[in-house]
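One structure below.
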Amino acid sequence: NAGVTQTPKFRVLKTGQSMTLLCAQDMNHEYMYWYRQDPGMGLRLIHYSVGEGTTAKGEVPDGYNVSRLKKQNFLLGLESAAPSQTSVYFCASSYWTVEAFFGQGTRLTVV
Amino acid sequence: KNEVEQSPQNLTAQEGEFITINCSYSVGISALHWLQQHPGGGIVSLFMLSSGKKKHGRLIATINIQEKHSSLHITASHPRDSAVYICAVRSTNTGNQFYFGTGTSLTVIP
């Protein structure tokens with residue numbers, strides 16, 4: 001089925017550990033985004049990519065890195081996790097003004 | 001600053017009621033999206049609008065570009081409509097970023 005797939009769906013990390021979240025889309029979309037969703041706040045953009053090999057910072061990029069080596073994949077890395085990074089992470093993809101598609105979310109807890 | 005404002009934040013309705021959720025935005029946009037998120041679930045796009053009005057079943061979305069305002073209406077609401085509804089605008093700045101409202105939590109009581 002066409003769509004956006006995020007892995008993993010749940011993860012618990014200890015402070016200081018690292019991890020990578022994977023976002024994969026099979027719709028040949030140019031644009032991909034990583035957001036975090038926190039209670040009482042709208043989704044906030046962490047990083048985004050407008051095409052293979054390109055990335056750019058969003059609203060809240062500190063503590064995260066990303067890579068888009070292949071058009072279909074957008075990776076979000078946490079090098080040294082902190083409790084403030086406890087959140088639900090969503091990946092999205094779109095092609096220009098075409099409707100955006102969202103992944104199912106990754107619930108991350110940093111203890 | 002909030003580029004997208006939604007109202008109300010919370011809404012409780014009786015089954016069968018007509019529901020309206022409002023969204024105002026302050027940036028130039030190429031499109032506006034209405035999204036639905038069920039508790040603990042993913043986000044699903046309901047509508048993408050750049051002008052006028054769209055209808056899917058019991059859901060109707062309208063947008064007024066001049067007034068920078070959009071509304072989502074649900075006719076004959078049902079408990080399965082209970083979810084968070086999020087307004088998102090696609091800005092015309094670099095990267096065509098989305099800005100999101102904080103969502104409207106809707107509960108429909110049988």
Side-chain angles (χ1 to χ4, degrees), chain A residues 1-10 23 25 27 29-51 54-61 66 68 74 87-109, chain B residues 1-10 21 23-52 54 56 59 61 63 65 83-105:
Chain A
N1 293 333
V4 178
T5 303
Q6 284 182 235
T7 52
K9 290 186 170 49
F10 302 93
C23 177
Q25 53 95 2
M27 297 169 283
H29 285 168
E30 294 292 336
Y31 296 86
M32 296 187 75
Y33 308 84
W34 274 108
Y35 298 93
R36 59 178 291 171
Q37 185 181 42
D38 300 294
M41 306 182 77
L43 280 83
R44 292 182 292 167
L45 181 64
I46 304 170
H47 287 278
Y48 65 99
S49 168
V50 300
T54 72
T55 62
K57 294 181 181 180
E59 182 185 353
V60 289
V66 288
R68 184 117 181 252
F74 195 29
S87 187
V88 181
Y89 292 85
F90 284 96
C91 174
S93 75
S94 70
Y95 178 74
W96 196 240
T97 56
V98 172
E99 189 171 348
F101 291 81
F102 288 81
Q104 287 297 302
T106 297
R107 190 171 296 274
L108 174 66
T109 302
Chain B
K1 62 175 183 181
N2 292 328
E3 289 83 359
V4 180
E5 298 279 358
Q6 278 184 244
S7 63
Q9 284 190 318
N10 296 286
I21 299 170
C23 174
S24 297
Y25 55 92
S26 58
V27 295
I29 70 169
S30 57
L32 181 143
H33 297 252
W34 280 102
L35 310 171
Q36 181 191 55
Q37 184 177 26
H38 283 283
I43 296 171
V44 175
S45 179
L46 298 173
F47 293 103
M48 185 187 73
L49 294 163
S50 54
S51 65
K54 285 189 176 180
H56 289 157
L59 302 178
I63 187 168
I65 297 295
V84 174
Y85 292 85
I86 301 169
C87 174
V89 298
R90 186 151 203 182
S91 77
T92 49
N93 69 357
T94 302
N96 292 284
Q97 295 180 31
F98 288 96
Y99 293 99
F100 295 84
T102 54
T104 295
S105 179

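Reminder, nothing fancy here: chain letters follow the sequence lines and each chain counts from 1.
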Practice prompt. Measure distances from Q9(B) to the heavy atoms of chain A and classify the residue's part below 4.5 Å as side chain, backbone, both or neither.
Written response: neither
Worksheet item: Going from CZ on R68(A) to CE on M32(A), what distance comes out if it is rounded to the nearest 0.5 angstrom?
Response: 5.5 Å
Worksheet item: Where does the angle between the aromatic ring planes of F102(A) and Y35(A) fall among parallel (under 30°), tilted (30 to 60°) and perpendicular (over 60°)?
Response: tilted
Worksheet item: Tell me, side chain or backbone of E59(A) under 4.5 Å from chain B's heavy atoms, or both, or neither?
Response: neither
Worksheet item: Considering all heavy atoms of both residues, which atom of Q6(B) and which atom of Y85(B) are nearest to each other, and what is their separation?
Response: NE2-O, 2.9 Å
Worksheet item: Is the backbone of C91(A) close enough, under 3.5 Å, to the side chain of Q6(A) for a donor and an acceptor to pair up by distance?
Response: yes
Worksheet item: Of the backbone (N, CA, C, O) and the side chain (C-beta and beyond), which part of R107(A) lies under 4.5 Å from a heavy atom of chain B, both, or neither?
Response: side chain
Worksheet item: Is it the side chain or the backbone of L43(A) that comes within 4.5 Å of chain B heavy atoms, both, or neither?
Response: both
Worksheet item: How long is the gap from SG on C87(B) to CD1 on I63(B), to the nearest 0.5 Å?
Response: 8.0 Å
Practice prompt. Heavy-atom distances under 4.5 Å only: say whether I86(B) touches chain A with side chain, backbone, both or neither.
Written response: side chain
